[in-house]
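Written out below as structure tokens is the structure these notes cover.
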Amino acid sequence: MTDQPSVRDPRDELVEHLPALRAFALTLSRNGTSADDLVQETVLKAWSNLDKFEPGTNLKSWLFTILRNTYYSDRRKRRREVADVDGMHAAALAQKPDHDGWLALGDFASAFARLPDEQREVLVLVGVSGFSYEEAAETCGCAVGTVKSRANRARRRLAELLELEEGEELEMTDQATMAVMSANNGPA
Amino acid sequence: MTERKAREASESEKDEPVPPAVEQQINENLQRLYRSTLDEELPDKLKQLLNRLKDREALHDEASSND
């Protein structure tokens, strides 16, 4: 006899994902009050559409997709921002993060807030939220290659804003690694 | 190099991954940033929202079963 794995009621599981949803919402909105409103809107949408969720599948991914889509839908309605691949327009707007925890983290938070929305979201999805590139691509509604490209561009832009130069990188490298790098004629 | 090729070269450079040590620094700071929010207590309005939704559903289920 095969035991069927128990499938949790998503209504009970949803509360576990609220902190992560809130952190992701803050990534997108860069404002504490807006982030909480976004999470609230997401929870209401998810609750009223739970019949569309397939129990046993990835609830966290489903919730993140709803939140992300809600954010971009609201953004289109506001018509205040222009898609900005290079970050030049975002830098010009230069909205500082409005959240105590972020303000405490100073330079990095400020630099991160200057990235375009699409770059911030992929860094958080693949860097800290535990999503694979494939899952992040599904959440963002784009190709895996696009996610990787955005992540690379985001890191490059952060390195530029925070002045993480090649020289600085080498200074952080220990002697053993430097020896290997020298033997291989420099960094790969 | 033509202007177009220079632009394309510049664009493709942006897609190159950063050095591993730089990526590690970025990830560590991202973790700190993300964790600063994860560790916060949920605002009351979010805590209460789920409870209200569950209560409303329980009332609805009760009303349906009494029909």
Side-chain angles (χ1 to χ4, degrees), chain A residues 11-12 14-15 18-27 32-33 35-37 39-40 43-44 47-48 85-86 97 99-102 104-105 107-109 111-112 123-124 127-129 145 148-159 162 164-166 168-173 177 187-188, chain B:
Chain A
R11 288 171 189 79
D12 297 327
L14 204 153
V15 66
L18 286 183
L21 273 174
R22 192 162 168 264
F24 185 50
L26 189 60
T27 297
T33 305
D36 291 343
D37 289 344
V39 173
Q40 187 167 322
V43 168
L44 287 168
W47 195 270
S48 60
V85 173
D86 293 330
H99 183 261
D100 288 344
W102 279 41
L105 285 161
D107 289 347
F108 182 84
F112 184 72
L123 269 196
V124 166
V128 292
S129 295
K148 290 182 177 177
S149 172
R150 287 177 184 171
N152 288 336
R153 285 175 180 240
R155 293 186 189 112
R156 283 225 159 261
R157 182 68 178 137
L158 279 175
L162 295 166
L164 301 176
E165 301 290 342
E166 282 285 344
E168 192 167 327
E169 180 240 329
L170 278 172
E171 282 167 16
M172 295 185 300
T173 309
T177 308
Chain B
M1 191 188 279
T2 64
E3 204 175 294
R4 184 176 160 224
K5 283 190 177 173
R7 229 179 12 249
E8 284 171 0
S10 168
E11 285 298 311
S12 67
E13 266 176 25
K14 290 179 186 174
D15 284 339
E16 290 295 311
V18 295
V22 172
E23 184 172 336
Q24 187 184 346
Q25 269 202 89
I26 290 171
N27 283 343
E28 284 170 2
N29 278 281
L30 257 180
Q31 290 277 357
R32 264 183 240 129
L33 198 65
Y34 198 68
R35 194 142 298 281
S36 71
T37 312
L38 276 184
D39 292 344
E40 284 178 5
E41 195 170 336
L42 283 177
D44 286 340
K45 71 174 183 178
L46 287 180
K47 282 195 272 190
Q48 288 161 11
L49 174 61
L50 275 177
N51 289 337
R52 282 207 310 273
L53 288 169
K54 286 180 180 176
D55 289 345
R56 198 161 68 188
E57 192 158 308
L59 281 172
H60 181 263
D61 289 346
E62 201 179 314
S64 300
S65 64
N66 288 338
D67 287 342

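In what follows, chains are A, B, ... by sequence order, proteins preceding strands, each numbered from 1. Owing to the predicted nature of the structure, the values given are computational and were not obtained by experimental measurement.
Nearest heavy atoms, B:Tyr34 versus A:Ser129: OH-OG, 3.0 Å. Of all the heavy atoms in A:Arg156 and B:Glu16, the pair that sits closest is NE-O, 3.0 Å. Contact between B:Ile26 and A:Phe108 at its shortest, heavy atoms only, is O-CZ, 3.7 Å.
In terms of heavy-atom pairs under 4.5 Å with chain B, the best-connected choice from A:Leu44, A:Leu18, A:Leu158 is A:Leu18. Top candidate by heavy-atom pairs under 4.5 Å with chain A, chosen from B:Leu53, B:Asp39, B:Leu50, is B:Leu53. Among B:Leu30, B:Leu46, B:Leu49, B:Leu38, the residue with the largest count of heavy-atom pairs under 4.5 Å with chain A is B:Leu30.
Here the side chain of A:Arg155 pairs no donor or acceptor atom with the backbone of B:Pro17 at under 3.5 angstrom.
Taking CG of A:Asp36 as the start and CG of B:Leu42 as the end, the distance is 8.5 Å to the nearest 0.5 Å.
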Candidate pair A:Asp37 and B:Lys45, rule side-chain contact (heavy atoms from CB on, under 4.5 Å), full reasoning: CA-CA 10 Å; A:Asp37 289 344; B:Lys45 71 174 183 178; 2.7 Å; yes
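B:Lys54 touches chain A through backbone and side chain together, each having a heavy atom under 4.5 Å away. Heavy atoms closer than 4.5 Å to chain A are found nowhere in B:Gln24, neither backbone nor side chain.
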